[in-house]
Structure formats: C-alpha cells, structure tokens
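What you see is a predicted model; the values in this text were computed from it and never measured. Letters go in sequence order (proteins before strands), and every chain restarts at 1.
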Protein chains: 2
Amino acid sequence: MNKKSMNLKEFSELLGLSQTTVSRALNGYPEVRESTRLKVLDAARAHNYTPNARAKRLATGKAMTIGHVLPVSKKHEMVNPIFADFIAGAGEIYSDNGFDLLLSVVDDVSEEASYRKLVSRGAVDGLIVHGPKVNDSRIALLRELGVPFVVHGRSTEIDTDYCWVDVNNKRAFQRVTEFLLDLGHRRIALLNGLADMDFATRRGAGYVAALESRDVAVDPALMFHEEMTENFGYETARRLLSGDNAPTAFVASSIIPGIGIRRAISDAGLTMGRDVSVVIHDDALSYFSNDGDEPAFTAVRSSVRQAGRHVAQALIDRIATPDAPVHQEMLEAVLTVGRSTGQAPALRQVLDQGK
Amino acid sequence: MNKKSMNLKEFSELLGLSQTTVSRALNGYPEVRESTRLKVLDAARAHNYTPNARAKRLATGKAMTIGHVLPVSKKHEMVNPIFADFIAGAGEIYSDNGFDLLLSVVDDVSEEASYRKLVSRGAVDGLIVHGPKVNDSRIALLRELGVPFVVHGRSTEIDTDYCWVDVNNKRAFQRVTEFLLDLGHRRIALLNGLADMDFATRRGAGYVAALESRDVAVDPALMFHEEMTENFGYETARRLLSGDNAPTAFVASSIIPGIGIRRAISDAGLTMGRDVSVVIHDDALSYFSNDGDEPAFTAVRSSVRQAGRHVAQALIDRIATPDAPVHQEMLEAVLTVGRSTGQAPALRQVLDQGK
DNA sequence: TGCAATTTTCAAAGCGCTTTGGTAAATTAG
DNA sequence: CTAATTTACCAAAGCGCTTTGAAAATTGCA
C-alpha cells in the first residue's frame, strides 16, 4: 500500500543522469539542455517523483514556511473571528509562491516563547504578527531575533522601521462618526475592541476627533472596550437603551457586536435605522456578507481577506530582499450606507414641525 | 543582529562532549548519565541552543507535522465558519505533543492534488479531513496514499475501516424536531447545509425520521440546502413568513443562519419564541456564545473546538501506532432549551379555549 | 583542422541532525 | 584480584537533497 516513494538517487539512475542534472532540471537552472529538462519533467510526472521537502529544506537552509501564531486565551477560549478569513487570503498567496503555512496555536501567555522557538528551530522563514497591541513587545522581539516579519496592523509609537499593512482605522471611525453627527445624532455609543489593542485605540481616536471637531462632549459612559462578541453588543445596547438618556446611535467595531445591538434594538420594540442608528466596521467576513444594493448595516468596509493577501505578499517580498526599504501600506475603508442608519429622532421631529 | 544560531557540532564542542551524547541527552535516551544530561540541558538553556527542526526532520524521517487542507471556493470566497474554532482545539493538542500544524489553503477544485502533494513531498505525517461530503473521494485517496488520517465527520456508505470523530447529527436533529413537534408545531422548516455535505444528509435524515414517526407529512418546500450564511437564514425565513401556510418553526444547521432567521422574524413584526420557534445546531463558536441560564436559542450543542481536540488526539495516536484498530468516536449533542422556542400558536389557542 | 570558449554533465562535499556499531571506563561477580 | 558485565561515551555513516568545482562534450572561429 504505502509504496515508499522514490528518491533522487533512484530517479536519476532510472533516467541515466546524475543527481545534479536532475535536480537542476527540476529547479529550472539554466545549466541544463532544454531537451534534457523536458525528459526529466516528463519522467517525474510519469513516475510520480516529488523531491522530499524535508531534505530540500535542510539542503537549502530555507524552511519555505511562514509562521502564524494564534494566541488563544485560556480564560475566554476566544479566537479572533477575523482570523479564518485573513488566513484564507494569506494562504492563497503562499500557495501561489510555494510557501507552506505553519500555524502555531498557543496559550496567550506563552506567545513570545512560541515566536522564539519557531525561529530558533529554523521552522519558519518569516512571521506574521496578528492583532498588535499598543506598544506591542513582539515587534522588538522579532527585530532582535532578526527574522523577517510583517504586522497586520500597527503598534502605536513605533510605526517606523518595520513592515506593516493596516487599515486607516482612525479615518474610518472619524468618518462614520461624522456621518452620524450629520444625521443629527449627538449621543453616540462606541462599542470598541479590547482597550489594549492598537486598532481599538485608533478607532477610539477617530471617534473622539469627530465629536470634538463638532464640539460635542465626549461621554466616557458611552465608550466600551470588550471582546467583540455578539453578546457584548446585545448586553451593552440593552442596558443603554433601557436607561436614561439613551444613545440614538451606535458605532461598533465589528459586525458581530453589531448583530447583538440589532437584537437589543428589536427586543426593545424599536426599529434599527429609524429609532436607533447603527454603523459598523465591516471586515467582509465571508459568512456575514453585508453587501448588495442596500446592505443591512451602514458600514466602513475593508476586506480582511484582502489584507491577508497584501500582508502575505509583503512578507514574501521581504524574505526575498531583506534589505529593501520596509513595506508600509495603508488601506482605506469604504463607507457604504445601508439600512441601519437614519436621521436622529430629535432632528426629524424638528424638521417635521417645520413643515 | 541575526546571530546565526549554534549547531550541534559547535554546541557539543563547547561542552567537551560528542554530538551523540548531546543529542541523546536532549532527547531523553537512557544511555547518558543523569548528571551529564543536566549539564547538557542547562547549557542548552544558557546558550539558547535549539536543535534545528529541518535537520531533525530529515534525520528522523518524520515531519512532526499534521496537515489541514482548507478548501476555499473561488466563486463564493467562502471559508467554513467553524474552521477557526476547530483548529484552535486541534492546535492545542499539537502544541502539547510537539507537532506543527501545516495549513494548506487551496482552491476547492485542486483539493485532491493538494493532499497528494503534501504526502509525496513528505511534508506531513498525517492529515485531517474536514467537511466530508457524501461518499467523499478523499478517504479512498488517503488510504491509497497510505498516510494516517482522521475524518472530522463521516462519509456515508463507507464509515467502516477509517478513523473518524463525528457528532450524532441524525439523533440531534431527530431530537430537536421531536421537541418542536411536542410543542405542537407541524410546519417546520429545515435550513440545512449544502446538500452534498455528509453532515447535512444525516441531519436531514433525523428531521425526516422525527416527522415520519409522528405521521407528519414531509414537505420538500420546507427543506433548504445552502451555504450556512446569515443571509441564507434571513432571505429564506423572510420569504416563508410572508407567504401562505408559513411554518411556525425553523430548524437551522448553525447559529449563523439562525441569526438571519431571527432578523427576518423581527422584521416581520413577530416575536421569536412566541409567534415563531427556532432551534439551531450550536457549534459553540467562541464569539457567538449561546449559553447562560437561558440562552437566546434553543439548541443542540456540540463544541467544535472539543471535536478538534479529539480528532487531533486520535490522529497523533494513529501516527504512533498505525496498526491499532481504527478510532471511531461518536459525540452526542446536548439539547438545551433557550428563549427561541415555545408552543405552536395553534396549540396555544386550543389550550387557551379549553380554560 | 585545431584550439579556445562554451555548454552540458558529473562526482563529491556539505546541510545539521539521529543512530548504528563500537570502545574505554566503571561496576559487579566469582 | 581478575573476568564478565554494564555503563557512559564516541566516531562515523546515513537521511535526500543542493551546490561546488571539475571534467567531458559540444560549439565557434581562424
């Protein structure tokens, strides 16, 4: 059954050529006649010969592997919901370039140790940093280890001299907040990601900047930082909507809490888009499409899968030419108006009276 | 910066020992004095020596790597939503056992080629089969290739002589359907996964078995097979609820279409759990927790992360002892009653009149 | 035709580990 | 106190590739 596969020695003897020539033929080196190369390639196909990856990696000194570390909080048992789509995008690029993707699932407290080990074992040629925190220590670590890496996102204060691909989070959240202000909303709740996440900081800054530019007071009681679950959206919105001085609009950092907010709104007997407005950041998760002529949610959208592709390509380029200038790329999110937003009730009242 | 790491030769010279002894000390072989072993281990820590994984793999002939193939449909750009949680579970086990996880993202049409290549390159010691279809050809392929593998799920007709870990899908769906029947529902819609998926077949069979055991006619117009998105749930429920002879209950194959159904119900001005009942299969996705004293949805729950752990362990065991009897494990889903179900309106009316 | 330049092929030396088949030292037995 | 084990270590031979340096075959040009 398990027909032990042929090795280069056997295969080249079969062809009556040396191992050198066969190896060169397979790897596209010029020192081999075109007719010989074709003969080799045909024979490889016919006899189902594939060079052994383990031997190849040792001989070349390259792992042809990119590492992704997926930290899983033992307490929350939470895994980043955008992870699957991001990795689907990155994986496409790896496949196209002959790289493997090594995924290391680790308890979040031993994340740094995991990076260290991957590098010192020589298991990877490069690493992706997911979900950077404010002043993330992994950046210094990886620089010290001297391994190529690209950050998906940025880390405040130190956004120079390392590669990153990020969405313009501040601008995106400033825009959606202004959009709500233009509709007459004044009490706008922000359901943000965990406070130590870099993206959450930038989004918060965009939200605050928008309010301040219109002289609307920033109310800390309307700003929330939590893991972006559906329940977070639901519980927070339920509480706010049933209290005094309820917000008329919500800004959510992901469609997932957005769905929870929607549930709370309808539980309260209200209508989203009329009584309460909601905007979200839409990562274009594949199973929650928020598109079409009139999407369910007004959103700033930026495909996380596309980000995955860009990050992967940037890393592959960096591995090829480690001395090239660092790749820093800012993606802009697109603001799309859906059915979840409308004029603030107070404004509508005023306008109606004016008739 | 990139202090090229030490190799065994240098490290053993530094210790004044042979490479053999150092290697044996590190790998826990008995032919080395305990005091020597400690010396070696200490020195390894002090000088930050880690054996090179590439060399180790070549020397041992083992990849110490498990392959997961993630097919991504180029048309739908869809990635299985349970994938992230499953892999988080499996990855825990791999980490604990010194295995790496190789994730191969491929266009769904070239999935088989991807398995072949991983095996013939010797990149993996074993493979996980995700999302088996009815009569899935990958099982025969992997058996032919002679590589250890475990299927997450099963494939109809051929559920003997290969390793699998599955949820008792038929029983779960039979139970929830009976549960709805007990509440007086007679028109029950089924929002199932794609028709060629094995799990969908089994769930459909459970649903049908329940109806037949109560002599309720099976209406094909109430059975749907699609990719399990939120929109699938929304559009299907919207259409059904606005038509004649609308169902009074829905069974959904995942919480995601369940959320869409909930949205359609509230859009229609109805109340879930009173006017329309909904039950779901709950994979316990980390960002959609459906737990607590009274979960939002009545559900049959089976943690996909737990399944990932079991599948991974089964594969590791199989790699260690390939001739052991095949591991076949059936997980049972737990039925938990939440707020999304209640008596069928018709039954309630009858009972109310009887008062 | 002859000799240098070029193209094509080859033998052998790594890559950094593990593992086999020893040997010297330490221990036990007689 | 010597012989027979056992223990603790070592030198060297792989693992299956790539790549270097050299040789053989082919080509170019006078």
S.K.: Between C1' on D:dA11 and CG on B:Leu8, what's the gap in Å once rounded to a whole number?
M.R.: 13 Å

S.K.: Distance check needed: C:dC17 P versus A:Arg121 CZ, whole Å only.
M.R.: 13 Å

S.K.: Could you check how far CG of A:Asn7 sits from P of D:dC17, rounded to whole Å?
M.R.: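 Those two atoms, CG and P, are 5 Å apart.
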
S.K.: What closest approach, in Å, do A:Phe86 and A:Gly308 show between heavy atoms, and which atom pair accounts for it?
M.R.: CE1-CA, 3.4 Å

S.K.: For B:Glu10 and C:dC17, what is the distance between atoms CD and P respectively, to the nearest whole Å?
M.R.: 9 Å

S.K.: If every non-hydrogen atom of A:Val147 is compared with every non-hydrogen atom of A:Asp125, which pair is closest and at what distance?
M.R.: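 Residues A:Val147 and A:Asp125, closest heavy atoms: CG2-O, 4.0 Å.
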
S.K.: Rounded to the nearest angstrom, tell me the gap between atom CZ in A:Phe11 and atom P in D:dT18.
M.R.: 12 Å

S.K.: I need the CD-C1' distance between B:Glu13 and D:dC10, as an integer number of Å.
M.R.: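 Roughly 14 Å, once rounded to whole Å.
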
S.K.: Check each residue of residues 14-39 of chain A for a non-hydrogen atom within less than 4.0 Å of any atom in DNA chain C, then write out the ones that pass by number, or none.
M.R.: A:Gly16, A:Leu17, A:Ser18, A:Thr20, A:Thr21, A:Arg24, A:Glu31, A:Val32, A:Arg33, A:Thr36

S.K.: Mind checking A:Tyr49 for me? I need base, sugar-phosphate or nothing, with any heavy atom below 4.0 Å counting as a touch.
M.R.: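 Here A:Tyr49 touches the backbone only, sparing every base.
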
S.K.: Determine whether the aromatic ring centres of B:His327 and B:Tyr162 lie less than 6.0 Å apart.
M.R.: no

S.K.: Calculate the interatomic distance between A:Leu58 atom CG and D:dC17 atom P; express it in whole Å.
M.R.: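 For the pair A:Leu58 CG and D:dC17 P, the rounded distance is 12 Å.
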
S.K.: I'd like to know if the side chain of A:Ser23 pairs up with that of A:Thr20 as donor and acceptor (distance under 3.5 Å, no hydrogens or angles considered).
M.R.: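 Looking only at side-chain atoms, A:Thr20 and A:Ser23 do not form any donor-acceptor pair under 3.5 Å.
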
S.K.: Nearest whole angstrom, please: distance from the C1' of D:dA12 to the NZ of B:Lys9.
M.R.: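 Atom-to-atom, B:Lys9 to D:dA12, this comes out as 13 Å.
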
S.K.: Aromatic ring centroids of A:Tyr94 and A:His68 under 6.0 Å?
M.R.: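 Yes, they do, as the ring centres are separated by less than 6.0 Å.
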
S.K.: Can you tell me how far CD of B:Glu31 sits from CZ of B:Arg37, rounded to the nearest 0.5 angstrom?
M.R.: 9.0 Å

